[in-house]
Colleague: 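Sharing a structure below in structure tokens format, with a few things to ask.
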Amino acid sequence: MITMRASSLYAPTLREIPAEAELISHQYMLRAGLMRKSAAGVYSYLPLGVRVLHKIMAIIREELDRAGGQEILLPIVQPAELWHESGRWNDYGPEMFRLVDRHQRQFCLGPTHEEIITALVRDEVRSYKQLPLRLYQIQNKYRDEIRPRFGVIRSREFIMKDLYSFDRDEAGAQESYRAMYDAYTRIFARCGLKTHPVEADTGAIGGDQSHEFMVLGDAGEALIVFCPSCGYAANVERAECAPYEPAVSSTPLCAMEEIPTPGTTTVEELTRLLQVEPSQIIKTMIYIADGQPVAVLTSGAHDVNEVKLKRALMCDQLELANHEIIAEVTNAPVGFAGPVGLDVPIFADYSVVPIVNGISGANKKDYHLRNVNINRDYIPTKILDLREARAGEKCVRCGKALDEARGTEVGQVFYLGTKYSKPMQARFLDQDGVEKPFVMGCYGIGVSRTVAAIIEQHHDEDGICWPVSVAPFSVIVVPVSYKDEAQRNAADQVYYELENAGIEVILDDRDERPGVKFKDADLIGYPLRVTIGPKHLADGNVEIKTRRTKEVSVVPMADVVDQVKALLNRLGE
RNA sequence: CGGGGCGUAGCGCAGUUUGGCUAGCGCGCCUGCCUUGGGAGCAGGAGGUCGGAGGUUCAAAUCCUCUCGCCCCGACCA
């Protein structure tokens, strides 16, 4: 019995590119019939898409189970109380889908599951003898993204694998972190993905150590910097910048003076007007940190890294000041702020330290100051690393120049410590009789996003070129004309033999012209295609084409299974 | 949230400026013939509340008001 026939497979392929898709992975996922959009950032998966998802999930399960993981399944609908306990009901903001039940009780659709699992473990685990615990699930998650885009890469409903580790102490937690880091490396490699682990910020999840697994590519929405020399790599949100030495130049400090700069409100305009380098400009940004205004200085060649700033200020809420507040603080409209004479705390990035006789706003409409010097004309409250690292920045490890790249995050590992266990009072009794909070970690993989990332890395102008490990089927058998009795018999036989050999195979029995079947096979991206046609069948031969390399070999029917196995093995390496 | 664009058949689009008759085209779909090694050909056919509501008008896909949805860019680096 032939169970997999293209004639009955629900895989509607599209000849034309859907107007809404700009990313290649998005286009192919729609065109190859893997999925369809249901709403902005919400997708339905069709059989081929589901098969790929299942392949990825199977790899994840194998590797996590091997790393001591146990699978569970947590609820999507979560009560607000738990989120109040951790304080994140307010922290999470508008990204959280919230709902109210008929009794006016508040719930959310889980954007992540730290709260619910911490509560679960808190209520059940009493003794150190039950630790360590590594629990994971593969579950839908919900984040009401400000702007869903790139298909499944930034969607509002997505499938995520998340694992939470509970250890009795920091050493144990570090071991869990290491185990997950290694498991992730294997998982992505098995999916055919080239990933780069980079140091990352911990964002809304919290904690104090994190790595992201990035897939490099221009489609990525994250910017990372890396050192080609020593291997240091980090998300720019996180990347440390080296301090600058104070200038030891013989340039005498000149007298500060006001210069008219009507309508010149940006660094770019200023450099043009005054014919100076951006690095000579002291850029002054006004922020509101927990309601209090602060000034932040960087050189004109740099941007403020708000993640670093937030950490430096130890504040909960941080945002750029609006025009009214800027006018109040600087006595000038936006574009003319400077550190001289400011009456708010001044946080300076290292990059302003070497600026001698610099340019800054004059806190006066249409005027800037020249010959501004640190410690003479203004004194920063603090000088520290507040800028965003970019290409060319010195590596903090080895001093060589950093390079930068764009990437998509497919996985992230967090060392959480006691960030959730403490406030949620999740404790166990240790060997010494003392009650202690669990030391936790959490580890996510964007499963649906991984599908897109794989396509981004494995495609050509004809369609997807699946790695064997995640292909919806390994082989498609394509008779040129299934109506022809000899071809039909041969195709059926090849199908049976492959299926009996344990190979995932599908038969294209559709009454289509060969060109249509070839195009679809290329678009969907089966790793191997066995073509059965009059050209070679008379000699008892069939054709095997490798999707990725386009290589074709003609083999006797009797050798098909062996040849296919050999080719799949080689492709899988 | 701000700006821009788009909503007409399953997909891709024209028609809207300047209102007018049975609303078109390509692909796909159905029937038949024919064809079968890279998205064939011929003939016939099905499929549309022109996103929705209200208004103007003898007459609205087209003009006006409101509304919903989708896409893109931006979200303030002074």
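Since we're looking at a predicted model, the values are computed, not measured. Quick note on labels: first sequence line is chain A, next is B, and so on, each numbered from 1.
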Colleague: Taking RNA chain B as the partner, which of residues 296-304 of chain A come within under 4.0 angstrom of it by heavy atom?
Modeller: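 Heavy-atom cutoff 4.0 Å gives Asp303(A), Val304(A).
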Colleague: Without decimals, in angstroms, what is the distance between Ile146(A) CD1 and C76(B) C1'?
Modeller: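 Computing the Ile146(A):CD1 to C76(B):C1' distance gives 13 Å.
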Colleague: Can you list, in residue-number order, the parts of residues 371-381 of chain A that come under 4.0 Å of RNA chain B, counting heavy atoms only?
Modeller: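 Contacting residues: none.
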Colleague: Can you see whether Asn357(A) engages Asn373(A) through a side-chain donor-acceptor pair at a distance of less than 3.5 angstrom?
Modeller: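 A pair is found: one side chain offers a donor N or O, the other an acceptor, under 3.5 Å apart.
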Colleague: Would you check if Arg390(A) and Leu223(A) make a side-chain contact, meaning some heavy-atom pair closer than 4.5 Å?
Modeller: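 The answer is yes, as the side chains (C-beta and beyond) meet within the 4.5 Å cut-off.
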Colleague: Could you list the protein-to-nucleotides 69-73 of chain B atom pairs, N/O on both sides, closer than 3.5 Å?
Modeller:
from   : atom 1 : to        : atom 2 : distance (Å)
C70(B) : OP1    : Ala40(A)  : N      : 2.9
C70(B) : O3'    : Lys37(A)  : NZ     : 2.9
C73(B) : OP2    : Arg147(A) : NH1    : 2.9
C73(B) : OP2    : Arg147(A) : NH2    : 2.5

Colleague: Which atom pairs link the protein and nucleotides 25-29 of chain B when you take only N or O atoms and keep those under 3.5 Å?
Modeller:
from   : atom 1 : to       : atom 2 : distance (Å)
G26(B) : N2     : Glu16(A) : OE2    : 2.6
C27(B) : O3'    : Arg15(A) : NH1    : 3.4
G28(B) : OP1    : Arg15(A) : NH1    : 3.3
G28(B) : OP1    : Arg15(A) : NH2    : 3.3

Colleague: State, with a plain yes or no, whether a side-chain heavy atom of Thr298(A) is found less than 4.5 Å away from one of Phe347(A).
Modeller: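 No, side chains not in contact.
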Colleague: When you check the side-chain N and O atoms of Arg149(A) and His26(A), is any donor under 3.5 Å from an acceptor?
Modeller: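 Not at all, the side chains of Arg149(A) and His26(A) share no donor-acceptor pair under 3.5 Å.
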Colleague: Please check if any side-chain donor atom of Thr330(A) sits under 3.5 Å from a side-chain acceptor atom of Asn363(A), or the reverse.
Modeller: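 The criterion, which ignores hydrogens and geometry beyond distance, is not satisfied for Asn363(A) and Thr330(A).
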Colleague: Would you say the side chains of Thr531(A) and Arg529(A) form a donor-acceptor pair under 3.5 Å?
Modeller: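 Distance-only check passes for Thr531(A) and Arg529(A).
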Colleague: Using the P atom in both, what is the distance from C27(B) to A23(B), to the nearest Å?
Modeller: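 That atom pair is separated by 22 Å.
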Colleague: If the C1' atom of G3(B) is compared with that of G55(B), how far apart are they to the nearest Å?
Modeller: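 Nearest-Å result for G3(B) against G55(B) at atom C1': 29 Å.
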Colleague: With a 4.5 Å cut-off on side-chain heavy atoms, are Arg387(A) and Asn305(A) touching?
Modeller: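 Answer no - side chains too far apart.
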Colleague: Contact class for Arg529(A) (heavy atom, under 4.0 Å): base, sugar-phosphate, or nothing?
Modeller: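 Arg529(A): base contact, heavy atoms under 4.0 Å.
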Colleague: Using heavy atoms to find the nearest nucleotide of RNA chain B for His536(A) and Gly361(A) separately, return the residue whose nucleotide is more 5′.
Modeller: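 Its nucleotide being nearer the 5' end, the pick is His536(A).
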Colleague: Are Pro148(A) and Ser155(A) packed together at the side-chain level, in the sense that at least one heavy-atom pair is separated by less than 4.5 angstrom?
Modeller: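 Of all side-chain heavy-atom pairs linking Ser155(A) with Pro148(A), none is under 4.5 Å.
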Colleague: Need the pair for G26(B). Rule: Watson-Crick or G-U wobble, both distances under 3.5 Å, any strand; none if unpaired.
Modeller: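 Its partner is C11(B).
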Colleague: Using side-chain contact (heavy atoms from CB on, under 4.5 Å) as the criterion, list what pairs up with Ala490(A), not counting sequence neighbours.
Modeller: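 Partners of Ala490(A) under the side-chain contact (heavy atoms from CB on, under 4.5 Å) test: Ile532(A), Leu537(A), Met557(A).
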Colleague: Give every residue pair that meets the salt bridge (charged side-chain N to carboxylate O under 4.0 Å, His left out) criterion with at least one member in residues 359-385 of chain A, sequence neighbours excluded.
Modeller: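 Listed by first then second residue: Glu257(A)-Arg370(A), Glu258(A)-Lys364(A), Lys308(A)-Asp385(A).
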Colleague: Specify the residues of residues 478-492 of chain A, ordered by number, for which at least one heavy atom lies under 4.0 angstrom from an atom of RNA chain B.
Modeller: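 Heavy-atom cutoff 4.0 Å gives Val480(A), Lys483(A).
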Colleague: Could you identify the nucleotide paired to G69(B), looking across every strand shown and requiring Watson-Crick or G-U wobble geometry with both distances under 3.5 Å?
Modeller: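 Checking every strand shown, G69(B) finds its partner in C6(B), with both distances under 3.5 Å.
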Colleague: What pairs of residues pass the salt bridge (charged side-chain N to carboxylate O under 4.0 Å, His left out) test when at least one of them lies in residues 20-39 of chain A, not counting sequence neighbours?
Modeller: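 Listed by first then second residue: Glu20(A)-Lys37(A).
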Colleague: Go ahead and name the base partner of A40(B); Watson-Crick or wobble counts if both distances stay under 3.5 Å, otherwise write none.
Modeller: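 A40(B) is unpaired by these criteria.
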Colleague: Tell me: CZ of Arg31(A) to C1' of G12(B), nearest whole Å?
Modeller: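 After rounding, the reported distance stands at 12 Å.
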Colleague: CD of Glu543(A) versus P of G38(B): gap in Å, rounded?
Modeller: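 Spelled out: CD on Glu543(A) to P on G38(B) is 11 Å.
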Colleague: Please indicate whether Glu95(A) has more than 12 foreign heavy atoms, meaning atoms of other residues, nucleotides or ligands, lying under 6.0 Å from its CD.
Modeller: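 For Glu95(A), atom CD is crowded (more than 12 foreign heavy atoms under 6.0 Å).
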Colleague: Using a heavy-atom cut-off of 4.0 Å across all strands, would you classify Lys545(A) as base, sugar-phosphate, or nothing?
Modeller: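 Since a base atom lies under 4.0 Å of Lys545(A), the category is base.
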Colleague: Please identify each residue that fulfils side-chain contact (heavy atoms from CB on, under 4.5 Å) with Lys550(A), with sequence neighbours left out.
Modeller: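 Lys550(A): side-chain contact (heavy atoms from CB on, under 4.5 Å) contacts with Asp460(A), Glu461(A), Asp462(A), Lys545(A).
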Colleague: Provide the distance between the two C1' atoms, one in U36(B) and one in C13(B), to the nearest whole Å.
Modeller: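 Each nucleotide's C1' atom is 31 Å from the other's.
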Colleague: Table please: side-chain donor-acceptor pairs of residues 331-344 of chain A below 3.5 Å, with sequence neighbours left out.
Modeller:
none

Colleague: With sequence neighbours left out, write down each residue that passes ring pair (Phe, Tyr, Trp, His ring centres under 6.0 Å) with Trp83(A), or none if nothing qualifies.
Modeller: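 Applying ring pair (Phe, Tyr, Trp, His ring centres under 6.0 Å) to Trp83(A) gives Tyr92(A).
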Colleague: With sequence neighbours left out, what residues match Thr264(A) under side-chain contact (heavy atoms from CB on, under 4.5 Å)?
Modeller: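 If we apply the side-chain contact (heavy atoms from CB on, under 4.5 Å) test to Thr264(A), skipping adjacent residues, the hits are Thr261(A), Glu269(A), Leu270(A), Leu273(A).
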